[in-house]
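What follows is a set of notes on a single structure, which appears directly below.
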Amino acid sequence: MRDLDDHDLASHLATGIGDIVRGTRAGGLLHGRSLARVANDVAEDWTGEVLAVHRPDDGILSEGVADDRSRLAKSRVWIIDVIDGTKEFSTGRSDWSVHVALVVDGRPTVAAVGLPDAGRVFRSDQVDHVDGPSSGAMVISRNNPPAGIHGAADELGLHVRPMGSAGAKMLSVLLGDADVYLHAGGQNEWDQAAPVGVALAAGLHASRIDGSPLEFNKSDTYSPDILVCRPDLTEKVLAVTAGHPVWTA
């Protein structure tokens, strides 16, 4: 097992985290914040131990762990979110995800996004996007939708569909259930790194909403926005987002 390549390790991590997190729901003994806290703590501890064994020289950036700034001097950094969509997970919804990305020199070169309640892990070395007819949908945040998003969707001829985690929204584009995922309310690197890695590997467009590249392992982990869409819609979507200066400021 010490000879696992990065893609296999990312996949095993996403699968294992999903199993651990789902296990904390057992018997319905915990709910809400208590459930989310225990699930995060147990999954973070396990993930840290696995990486200490298998990739001891790599950096780590993870939502539930104090930021070890030594990562900034490392070329290879694992960026992880053990539960993306905590509210969805803790209230029994299925649109939460597990994010595991290996960022090399600021780019997510290896990524796995798990949908544990569906029993699926999407890995960047074994993925392609569904290139079929347009779904006519744009997925947006359930909890923090961008201001003016309905007007932008109308300009694109799309209907808006609120959804849970960033990973679930990106995967809905990959699977052809949506054409565009757009978010302008602010996120962190662990929300984006793995979904972006999988999206780019699958042939989707992924960028800031002004079209600039998304960069990772920065000193400030905040990321203002993200766009993931079918490649044939990229120019059209970027033209519309450019007309919303509140998003691209």
Side-chain angles (χ1 to χ4, degrees), residues 7 84-85 95 97 99 101 103 106-115 118 120-142 144-187 189 191-216 223-249:
H7 290 285
D84 186 69
D95 50 344
S97 57
H99 297 179
V103 167
R107 298 286 183 266
T109 60
V110 173
V113 176
L115 293 179
R120 302 188 70 180
V121 172
F122 297 79
R123 43 190 284 174
S124 56
D125 63 333
Q126 299 178 8
V127 71
D128 198 359
H129 71 280
V130 175
D131 188 19
S134 170
S135 69
M138 174 192 289
V139 283
I140 64 168
S141 171
R142 290 180 64 243
N144 188 23
I149 192 63
H150 291 277
D154 288 344
E155 291 181 61
L156 293 165
L158 302 175
H159 64 271
V160 168
R161 181 151 57 90
M163 201 172 187
S165 83
K169 290 190 282 286
M170 184 281 296
L171 288 175
S172 72
V173 180
L174 184 145
L175 294 170
D177 297 327
D179 300 327
V180 177
Y181 162 39
L182 189 152
H183 184 70
Q187 293 175 326
E189 290 191 15
D191 299 308
Q192 298 182 350
V196 167
V198 171
L200 291 173
L204 295 171
H205 172 84
S207 71
R208 297 274 314 271
I209 61 175
D210 63 0
S212 60
L214 290 150
E215 299 180 359
F216 299 95
S223 185
D225 50 60
I226 187 173
L227 167 65
V228 176
C229 67
R230 293 169 54 119
D232 56 307
L233 291 179
T234 302
E235 291 187 11
K236 186 176 181 180
V237 177
L238 289 175
V240 169
T241 60
H244 291 261
V246 67
W247 295 350
T248 56

State, to 0.1 Å, how close [X] and [Y] come at their nearest heavy-atom pair, and which atoms those are.
| X | Y | value |
| --- | --- | --- |
| M170 | Y181 | N-CD2, 4.1 Å |
| L238 | G211 | CD2-N, 3.6 Å |
| A184 | P146 | N-CG, 3.6 Å |
| K169 | V139 | O-CG2, 3.7 Å |
| L182 | I140 | O-CG2, 4.0 Å |
| S97 | G167 | OG-CA, 3.5 Å |

Checking [X] side chain against [Y] main chain: does a donor-acceptor pair fall under 3.5 Å?
| X | Y | answer |
| --- | --- | --- |
| D125 | H7 | no |
| D84 | S165 | no |
| H99 | P195 | no |
| R208 | S223 | no |

Inter- and intrachain pairs under side-chain hydrogen bond (donor to acceptor under 3.5 Å, both in side chains), touching residues 194-206, at least two apart: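 As it turns out, the side-chain hydrogen bond (donor to acceptor under 3.5 Å, both in side chains) pairs with a partner in residues 194-206, which skip direct neighbours, are H205-S207.
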Quick one, R230 and D131 - any side-chain contact, counting heavy atoms below 4.5 Å? yes
If the condition is salt bridge (charged side-chain N to carboxylate O under 4.0 Å, His left out), which residues does R142 pass it with, not counting sequence neighbours? E88
Partner set under salt bridge (charged side-chain N to carboxylate O under 4.0 Å, His left out) for D177, not counting sequence neighbours: none
Who are the side-chain contact (heavy atoms from CB on, under 4.5 Å) partners of [X], not counting sequence neighbours?
| X | value |
| --- | --- |
| E215 | R107, K218 |
| P231 | H129, L204 |
| A118 | L115, R120 |
| L200 | V196, A206 |

Can you list the residues that meet the side chain to side chain donor-acceptor pair (under 3.5 Å) rule with D179, with sequence neighbours excluded? S134, S135
Please identify each residue that fulfils side chain to side chain donor-acceptor pair (under 3.5 Å) with S141, with sequence neighbours left out. none
Calculate, to the nearest 0.5 Å, the distance between atoms NE2 and CE belonging to H159 and M138 respectively.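 Here the interatomic distance stands at 10.5 Å.
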Sequence neighbours left out, cut at 3.5 Å: what donor-acceptor pairs do the side chains of residues 147-155 make with other protein atoms?
none

